[in-house]
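See structure below.
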Amino acid sequence: MSLEQLIENCKINDTKAQGELYKLFSNKLFSICLKYSRNYAEAEDNLQDAFLTIFNKIEQYKNKGSFEGWLKRVTVNTVLQRYRNEKVFDIVKEEQIEDVEIEVDEETFSLDFLLKIIQELPDRYRLVFNLYVLDGYSHKDIAEMLKINVGTSKSNLARARQILKKNIEDYKLSQSLQSL
């Protein structure tokens, strides 16, 4: 069955087609959920919520643009919806923002370690960090998506970088102490 036919069948609530669509895209969409979630279990919940939203809104997809891109947008928005109404963002003046550079030696750090320290960030920092650094959104786009101001987006990114830098430095120190 072609992707176009699969989409059309999902639009009429064909559960077999929905199962096929899930099999086809669940791994890619789970990686998005994992990136924005606090942990693996929350990512699984977010994936289920994303597919419920996808199946409820699939009639809105009009075969224009990439279907996979549409799925990814719906997934990101579904995950972010969890945080939009929470008071997780602090208002900070832009002149208080200090930019922090993080140096990561890919041979020293595993992808699992990096994902773990990103997931451990407080929600407000993790969301902005992922949207800006990993997905390439602008601060203006992030502000609109999270219903915050641009300065808040910038300050949360700076704070996320500070925390990650400290965690990386602590890890390096612990590794060098172990090797003694």
Side-chain angles (χ1 to χ4, degrees), residues 1-86 88-89 102 104 106 109-121 123-150 152-154 156-157 160-161 164:
M1 182 181 316
S2 72
L3 181 59
E4 291 77 21
Q5 188 59 54
L6 196 58
I7 294 167
E8 290 306 312
N9 288 1
C10 285
K11 287 180 179 181
I12 59 169
N13 294 318
D14 178 339
T15 55
K16 186 177 177 189
Q18 289 173 335
E20 286 300 312
L21 191 75
Y22 182 89
K23 284 181 197 172
L24 203 57
F25 291 102
S26 61
N27 288 337
K28 287 180 182 178
L29 298 182
F30 181 72
S31 66
I32 292 169
C33 292
L34 193 57
K35 193 166 47 171
Y36 288 99
S37 302
R38 294 177 190 108
N39 53 51
Y40 195 88
E42 187 177 274
E44 290 176 323
D45 291 344
N46 285 332
L47 180 66
Q48 296 307 316
D49 290 345
F51 269 102
L52 288 173
T53 303
I54 287 165
F55 294 139
N56 286 329
K57 294 186 174 194
I58 198 161
E59 72 281 348
Q60 294 176 6
Y61 178 70
K62 303 297 182 198
N63 297 323
K64 292 184 179 176
S66 160
F67 181 66
E68 187 173 327
W70 182 82
L71 290 173
K72 289 177 179 180
R73 266 191 319 281
V74 170
T75 301
V76 168
N77 285 329
T78 300
V79 174
L80 293 180
Q81 188 62 41
R82 281 185 172 234
Y83 305 102
R84 282 189 180 115
N85 298 326
E86 294 179 21
V88 297
F89 296 101
I102 303 172
V104 177
E106 289 139 12
F109 304 103
S110 70
L111 184 57
D112 288 339
F113 169 74
L114 294 173
L115 180 60
K116 178 182 176 290
I117 65 172
I118 291 169
Q119 285 179 322
E120 289 173 349
L121 288 169
D123 295 339
R124 62 186 176 261
Y125 304 144
R126 183 184 67 253
L127 295 173
V128 172
F129 180 85
N130 285 331
L131 287 167
Y132 187 84
V133 174
L134 301 179
D135 290 331
Y137 286 98
S138 70
H139 285 294
K140 182 178 183 253
D141 292 338
I142 294 168
E144 289 172 8
M145 293 168 80
L146 298 176
K147 297 184 180 11
I148 60 176
N149 67 45
V150 172
T152 301
S153 177
K154 289 179 179 180
N156 285 329
L157 175 64
R161 285 181 169 162
L164 292 172

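Just the heavy atoms: all of them, side chains too, but no hydrogens, waters or symmetry mates, feed the values below.
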Could you walk me through whether Asn63 and Glu8 satisfy the side chain to side chain contact (heavy atoms under 4.5 Å, CB included) test, starting with their C-alpha distance in whole Å, then the side-chain angles of each, then the deciding distance to 0.1 Å, before giving a yes or no? CA-CA 10 Å; Asn63 297 323; Glu8 290 306 312; 3.9 Å; yes
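- Side-chain contact annotation: Asn149 with Thr152, donor-acceptor N/O pair under 3.5 Å present.
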Is there a salt bridge (Lys or Arg N to Asp or Glu O under 4.0 Å) between Glu120 and Lys116? Walk through the geometry before answering. CA-CA 6 Å; Glu120 289 173 349; Lys116 178 182 176 290; 2.6 Å; yes
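- Between Lys140 and Glu144, at least one side-chain N (NZ, or NE/NH1/NH2) sits under 4.0 Å from a carboxylate O, which counts as a salt bridge.
- For the pair Leu3 and Leu24, the minimum side-chain heavy-atom distance is below 4.5 Å.
- One finds the CD atom of Gln60 at 10.5 Å from the OG1 atom of Thr53 (value rounded to the nearest 0.5 Å).
- Using a 4.5 Å cut-off on side-chain heavy atoms (C-beta onward), Lys16 and Asn9 make no contact.
- The shortest non-hydrogen separation linking Glu42 to Arg126 is OE2-NH2, 4.4 Å.
- A donor-acceptor contact closer than 3.5 angstrom is absent between the side chains of Asp14 and Gln18.
- Ring geometry, His139 versus Tyr132: the interplanar angle falls under 30°, so the pair is classed parallel (tilted spans 30 to 60°).
- Note: Leu21 CG to Ser26 OG = 9.5 Å, rounded to the nearest 0.5 Å.
- No side-chain heavy atom of Leu114 sits under 4.5 Å from any side-chain heavy atom of Leu164.
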Using the rule given for side chain to side chain contact (heavy atoms under 4.5 Å, CB included), can you reason through Phe30 versus Glu44, listing the C-alpha separation, both sets of side-chain angles and the distance that settles it, and then say yes or no? CA-CA 7 Å; Phe30 181 72; Glu44 290 176 323; 3.8 Å; yes
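- Taking the six-membered ring where tryptophan is involved, the planes of Phe51 and Tyr22 are tilted, since the angle between them lies from 30° to 60°.
- Although no hydrogens or angles enter the test, the distance criterion places no donor-acceptor pair under 3.5 Å between the side chain of Asn156 and the main chain of Val128.
- Interatomic distance, Leu127 CG to Leu157 CG, rounded to the nearest 0.5 Å: 12.0 Å.
- By the neighbour-count criterion of 12 heavy atoms within 6.0 Å, atom NZ of Lys28 is sparsely surrounded, having that number or fewer from other residues, nucleotides or ligands.
- Heavy atoms only, all atoms of each residue included: Ile142 and Ser153 are closest at CG2-OG, 3.5 Å.
- Summarising the geometry, atom OH belonging to Tyr61 is positioned 6.5 Å from atom OG belonging to Ser66; distances are rounded to the nearest 0.5 Å.
- Between Ala43 and Ser37, the shortest heavy-atom distance links the atoms CA-OG, 3.3 Å.
- Rounded to the nearest 0.5 angstrom, Leu115 CG and Leu34 CG are separated by 5.0 Å.
- Counting only distance, with no hydrogens or angles, the side chain of Asp135 and the backbone of Tyr137 share no donor-acceptor pair below 3.5 Å.
- Annotation: side chain of Ile7 is in contact with side chain of Ile58 (closest heavy-atom distance under 4.5 Å).
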Walk me through it: do Tyr36 and Asn46 pass the test side chain to side chain contact (heavy atoms under 4.5 Å, CB included)? CA-CA 9 Å; Tyr36 288 99; Asn46 285 332; over 6 Å; no
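- Residues Gln81 and Asp49 have side chains not in contact (no heavy-atom distance under 4.5 Å, counting atoms from C-beta outward).
- To the nearest 0.5 angstrom, Arg38 atom CZ is 3.5 Å from Asp123 atom CG.
- Between Leu47 and Ile32 the shortest side-chain heavy-atom distance does not fall below 4.5 Å.
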